[in-house]
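The figures that follow rest on heavy atoms only: side chains count, while hydrogens, waters and symmetry mates do not. Since this is a predicted model, take the numbers as computed values, not measurements.
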Amino acid sequence: MQDVTLDDLDPARSASPGLLAGIERYYDAVPRAAARVEDFGPLSLFVREGSGWPYYARPTLGHGGQAATAEDVRRVLARQRELGVPEAFEWVAEHDPQLRAAVEEAGLVVHEHPLLVLAPEDEPAPTDRVLPEGVSVRVLAADDPDLASAVAVPHLAFGEPGTALGTAGPDELAAAAAKSAADGTVARIAGRITAGQTVLAAAVRDGVALCAGQHNPVGPVTEVAGVGTLPSGRRQGLGLAVTAALVAHARANGVRTVFLSAADEDVARIYRRAGFRPFATALIAEPAPDGAPGA
């Protein structure tokens with residue numbers, strides 16, 4: 001395992017290239033807490049050990065040799081199939097610009113997502129929009145009674161992507177929260193909160209989390225992730241309020257750089273209102289759906 005210090009993770013030590021390098025080190029460090037790393041030369045495969053969301057392959061941190069080829073990608077894909085894990089690659093386009101051609105030659109489809117940042121010199125934008133009556137936004141403790149619905153609500157949100165009003169509402173949320181509690185997901189997140197690996201914030205009304213998201217700090221860097229609003233409760237400023245709470249918590253606890261990737265430009269506009277600025281492009285590669293070009 002590669003040794004990573006907190007100083008190594010600090011992208012504030014230089015200008016924009018240093019910022020990009022610091023985020024790259026963060027991407028490498030985060031999965032190591034719950035995964036083993038298999039070495040494929042210019043690529044590293046993170047394999048989750050235990051329950052939780054599966055990981056992916058990405059460029060090897062600090063690799064100084066030849067860039068990954070399509071054959072390197074195929075070797076990783078074969079190993080992912082052998083392990084029964086998703087055939088997925090994630091990386092930052094501006095840091096590893098040659099990888100896209102290799103993964104596309106290997107038959108994968110690449111999806112682009114805006115990467116936005118609040119660097120140490122950036123100030124969060126004021127968010128003075130009035131919340132709906134009865135809604136409060138707070139950071140949740142590991143034993144918070146609303147934790148189950150806060151864990152479940154982003155999954156419903158991502159099941160109906162976009163920013164338009166959707167169909168999933170309180171009944172679906174109650175069922176999803178019960179499932180998350182029964183399958184151990186809530187307990188796993190509670191453990192991460194206790195360990196300081198995850199901070200979860202939610203917009204809550206009457207004991208129900210209408211929107212939730214998290215940030216996952218490693219030293220002076222954190223990523224805001226999984227911000228999602230109950231589809232039937234969208235268009236009320238809840239996602240922006242939860243994001244602002246996460247940023248405020250991060251900055252109050254010594255984090256200097258906060259970044260995130262947005263699903264698309266429509267979602268990115270919401271984060272720009274919180275003070276994030278466009279910085280780079282996050283890329284995710286996966287097999288084409290059956291019947292799609294490249295499948």
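- A single hydrophobic cluster is not seen to contain both Val218 and Leu118; linkage of ILVMFWY side chains at heavy-atom distances under 4.5 Å, directly or through other members, places them apart.
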When you look at His113 and Asp264, which way does the side-chain contact (heavy atoms from CB on, under 4.5 Å) test go after all the steps? CA-CA 6 Å; His113 301 278; Asp264 53 36; over 6 Å; no

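- Neither Val85 nor Ile284 shares a network with the other; the hydrophobic side chains, linked directly or stepwise wherever heavy atoms of I, L, V, M, F, W or Y lie under 4.5 Å apart, form separate groups for each.
- The CD atom of Gln236 sits 7.5 Å away from atom CG of Leu210, with the distance rounded to the nearest 0.5 Å.
- The list of salt bridge (Lys or Arg N to Asp or Glu O under 4.0 Å) pairs with a residue in residues 160-173, not counting sequence neighbours, is empty.
- The hydrophobic cluster around Phe158 extends to none of the other residues, as no ILVMFWY side-chain heavy atom falls under 4.5 Å of it.
- Pro114 has its side chain within reach of Glu265: a pair of non-hydrogen atoms, C-beta onward, lies under 4.5 Å apart.
- Between His215 and His249, the angle of the ring planes lies from 30° to 60°, which puts this pair in the tilted group.
- Contact of the Leu108 side chain with the Pro287 side chain is registered, since non-hydrogen atoms from C-beta on lie closer than 4.5 Å.
- At least one side-chain heavy atom of Gln80 sits less than 4.5 Å from a side-chain heavy atom of Phe89.
- Within the 4.5 Å cutoff, no side-chain heavy atoms of Val267 are placed close to those of Val227.
- In the hydrophobic clustering of this structure, Val92 does not group with Val224; members are Ile, Leu, Val, Met, Phe, Trp, Tyr whose side-chain heavy atoms approach within less than 4.5 Å, directly or through other members.
- The line from OG1 of Thr222 to CD1 of Ile23 is 11.0 Å long, rounded to the nearest 0.5 Å.
- Comment: Arg75 does not engage Glu38 in a salt bridge, judged by the lack of any side-chain N to carboxylate O separation of less than 4.0 angstrom.
- For the pair Arg58 and Leu43, the minimum side-chain heavy-atom distance is 4.5 Å or more.
- Between Tyr55 and Glu90 the shortest side-chain heavy-atom distance does not fall below 4.5 Å.
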side-chain contact (heavy atoms from CB on, under 4.5 Å) evaluation trace for Glu94 with Glu24: CA-CA 11 Å; Glu94 289 77 3; Glu24 189 69 14; over 6 Å; no

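- A donor-acceptor pair under 3.5 Å is absent between the side-chain atoms of Ser149 and the main chain of Ala177, judged by distance alone.
- Through chains of ILVMFWY side-chain contacts below 4.5 Å, Leu200 is grouped with Leu140, Leu147, Val151, Val186, Ile189, Ile193.
- Shortest non-hydrogen contact noted between Ala274 and Thr243 is CB-CG2, 4.3 Å.
- By the 4.5 Å heavy-atom criterion applied to side chains, Tyr26 and Thr257 are not counted as neighbours.
- Under a 4.5 Å side-chain heavy-atom cut-off, the cluster of Ile, Leu, Val, Met, Phe, Trp and Tyr residues that includes Val204 has no other member.
- Separation of atoms CD (Glu104) and CG (Leu99) is listed at 9.5 Å; rounding is to 0.5 Å.
- Dense packing is recorded around CD of Glu71, with more than 12 heavy atoms of other residues, nucleotides or ligands lying under 6.0 Å away.
- Of all heavy-atom pairs between Pro170 and Ser232, the closest is CD-OG, 4.3 Å.
- Taking the six-membered ring for Trp and thresholds of 30 and 60 degrees, Trp53 and His155 have ring planes inclined between 30 and 60 degrees apart.
- For Ala150 against Ala212, the heavy-atom pair with the smallest separation is O-CB, 3.2 Å.
- Between Asp72 atom CG and Gln66 atom CD the span is 7.5 Å, to the nearest 0.5 Å.
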Using the side-chain contact (heavy atoms from CB on, under 4.5 Å) rule, take Leu230 and Val208 through it: C-alpha gap first, then chi angles, then the decisive distance, then the call. CA-CA 10 Å; Leu230 189 66; Val208 176; 5.7 Å; no

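- Thr163 places none of its side-chain heavy atoms less than 4.5 Å from the side chain of Arg269.
- A donor-acceptor contact shorter than 3.5 Å links the side chain of Arg48 to the backbone of Ser51.
- Within the structure, salt bridge (Lys or Arg N to Asp or Glu O under 4.0 Å) pairs that include any residue of residues 221-240 do not occur (at least two apart or interchain).
- Expressed to the nearest 0.5 Å, how far CG of Leu20 lies from NE2 of His95 amounts to 5.5 Å.
- Under the 4.5 Å side-chain heavy-atom criterion for Ile, Leu, Val, Met, Phe, Trp and Tyr, Val30 and Val221 are members of the same hydrophobic cluster.
- Note: Phe259 and Tyr27 meet the aromatic proximity criterion, with ring centroids under 6.0 Å apart.
- Residue Pro124 comes nearest to Val247 through the heavy atom pair CG-CG1, 3.7 Å, listed as atom of the first residue, atom of the second, then distance.
- Ion pairing between a basic and an acidic side chain is recognised when a charged N comes within 4.0 Å of a carboxylate O; Asp28 and Arg25 show no such pairing.
- Closest heavy-atom contact between Trp91 and Pro59: CB-CD, 3.5 Å.
- Taken to the nearest 0.5 Å, the CG atom of Leu19 stands 3.5 Å off from the CZ atom of Phe279.
- Applying the salt bridge (Lys or Arg N to Asp or Glu O under 4.0 Å) test to residues at least two apart or on different chains, the pairs with a partner in residues 177-196 are Lys179-Asp183.
- Side-chain atoms of Glu286 never come within 3.5 Å of backbone atoms of Val109 as a donor-acceptor pair (strictly under, hydrogens ignored).
- By the criterion of side-chain heavy atoms lying less than 4.5 angstrom apart, applied directly or through intervening Ile, Leu, Val, Met, Phe, Trp or Tyr residues, Val255 is grouped together with Tyr271 in one hydrophobic cluster.
- Here the closest non-hydrogen pair linking Ala225 and Asn216 is CB-ND2, 4.3 Å.
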